[in-house]
Trainee: 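One structure, as structure tokens, below. Some questions next.
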Amino acid sequence: MPPLTETELADLVGGRGFTGAVLHGDVDALMLVERLAEAGFQVPRDCSVVVYDDVVAALGSTPLTAIAPPKAEVGRVAAEQLLRRMAGGGPPRRVQLMPELKISGSTRAI
């Protein structure tokens with residue numbers, strides 16, 4: 001999908017009243033913040049931005065609010081499951097790991 005034009009962004013945020021966006025990757029979210037600024041919108045005044053990942057979320061001109069998965073724990077659990085399966089330990093198990101919400105400068109209260 002090609003990136004939105006400034007006109008399309010203006011329509012979504014200004015015309016349709018979108019007040020927020022959640023993106024999967026930090027780089028995409030940082031680029032959205034930049035594109036919104038180019039279209040005349042301020043984050044978070046006009047549009048809040050939240051990212052899921054938190055690799056470089058804090059490095060933008062506007063630090064991003066991030067949903068940060070516990071990456072070390074994800075790696076540890078994956079390795080344990082792999083070793084268990086290789087040792088004949090049965091089918092995979094479902095594991096839920098809770099992410100952390102890191103509130104930063106890209107969101108505002110509503």
Trainee: Applying side-chain hydrogen bond (donor to acceptor under 3.5 Å, both in side chains), name anything that partners Asp26, two or more places apart in sequence or on another chain.
Mentor: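 Residues passing side-chain hydrogen bond (donor to acceptor under 3.5 Å, both in side chains) with Asp26: none at all.
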Trainee: Should Val51 and Val27 be regarded as members of a common hydrophobic cluster, given that ILVMFWY residues are connected when their side-chain heavy atoms come within less than 4.5 Å of each other, either directly or indirectly?
Mentor: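 Not linked; separate clusters.
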Trainee: If you apply the rule side-chain contact (heavy atoms from CB on, under 4.5 Å), what do you find for Val49 with Leu64, and how did you get there?
Mentor: CA-CA 7 Å; Val49 176; Leu64 300 173; 4.1 Å; yes
Trainee: Other than Leu82, which residues form its hydrophobic cluster under the rule that side-chain heavy atoms must be closer than 4.5 Å?
Mentor: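 Hydrophobic cluster check, Leu82: joined to Met86.
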Trainee: Check whether the side chains of Thr107 and Thr65 place a donor and an acceptor atom closer than 3.5 Å, and report yes or no.
Mentor: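 Yes, a side-chain donor-acceptor pair sits under 3.5 Å.
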Trainee: With clusters defined by side-chain heavy atoms of hydrophobic residues (ILVMFWY) lying less than 4.5 Å apart, directly or transitively, does Leu59 cluster with Val33?
Mentor: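 Both belong to a single hydrophobic cluster.
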Trainee: Measure the shortest side-chain to side-chain distance between Asp46 and Leu36 over non-hydrogen atoms and say whether it is less than 4.5 angstrom.
Mentor: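 A side-chain contact is absent here, since even the closest heavy-atom pair is not under 4.5 Å.
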Trainee: Linking Ile, Leu, Val, Met, Phe, Trp and Tyr through side-chain heavy atoms less than 4.5 Å apart, which residues share a cluster with Val74?
Mentor: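 Taking Ile, Leu, Val, Met, Phe, Trp and Tyr as members, Val74 shares its hydrophobic cluster with Val77, Val95, Leu97.
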Trainee: Taking Ser48 for its side chain and Arg108 for its backbone only, find out whether a donor-acceptor pair lies under 3.5 Å.
Mentor: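 Checked: pair present.
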Trainee: Return the CD to SG distance between Gln42 and Cys47, rounded to the nearest 0.5 Å.
Mentor: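 So the CD of Gln42 and the SG of Cys47 are separated by 12.0 Å.
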Trainee: In Å and rounded to the nearest 0.5 Å, what is the CE to CG distance from Met31 to Leu23?
Mentor: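 If I round to the nearest 0.5 Å, the distance is 10.5 Å.
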Trainee: Is there any side chain to side chain donor-acceptor pair (under 3.5 Å) pair reaching into residues 10-23, and which pairs are they, with sequence neighbours excluded?
Mentor: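 For residues 10-23, and leaving out neighbouring residues, the side chain to side chain donor-acceptor pair (under 3.5 Å) pairs sorted by first residue read Asp11-Arg16.
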Trainee: Shortest non-hydrogen contact from Leu32 to Ala21?
Mentor: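 Minimum heavy-atom separation between Leu32 and Ala21: CD2-CB, 3.8 Å.
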Trainee: Strictly by salt bridge (charged side-chain N to carboxylate O under 4.0 Å, His left out), give each pair with a member in residues 71-88 just once, sequence neighbours left out.
Mentor: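 Sorted pair list: Asp53-Lys71, Glu73-Arg76, Arg76-Glu80.
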Trainee: Listing request: all side chain to side chain donor-acceptor pair (under 3.5 Å) pairs with a residue in residues 94-106, at least two apart in sequence or in separate chains.
Mentor: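 Residue pairs passing side chain to side chain donor-acceptor pair (under 3.5 Å), neighbours aside: Asp54-Lys102.
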Trainee: Over all heavy atoms of both residues, which pair between Ala57 and Ala66 is shortest? Give the atoms and the distance, please.
Mentor: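 In this case the closest contact between Ala57 and Ala66 is CB-CB, 4.1 Å.
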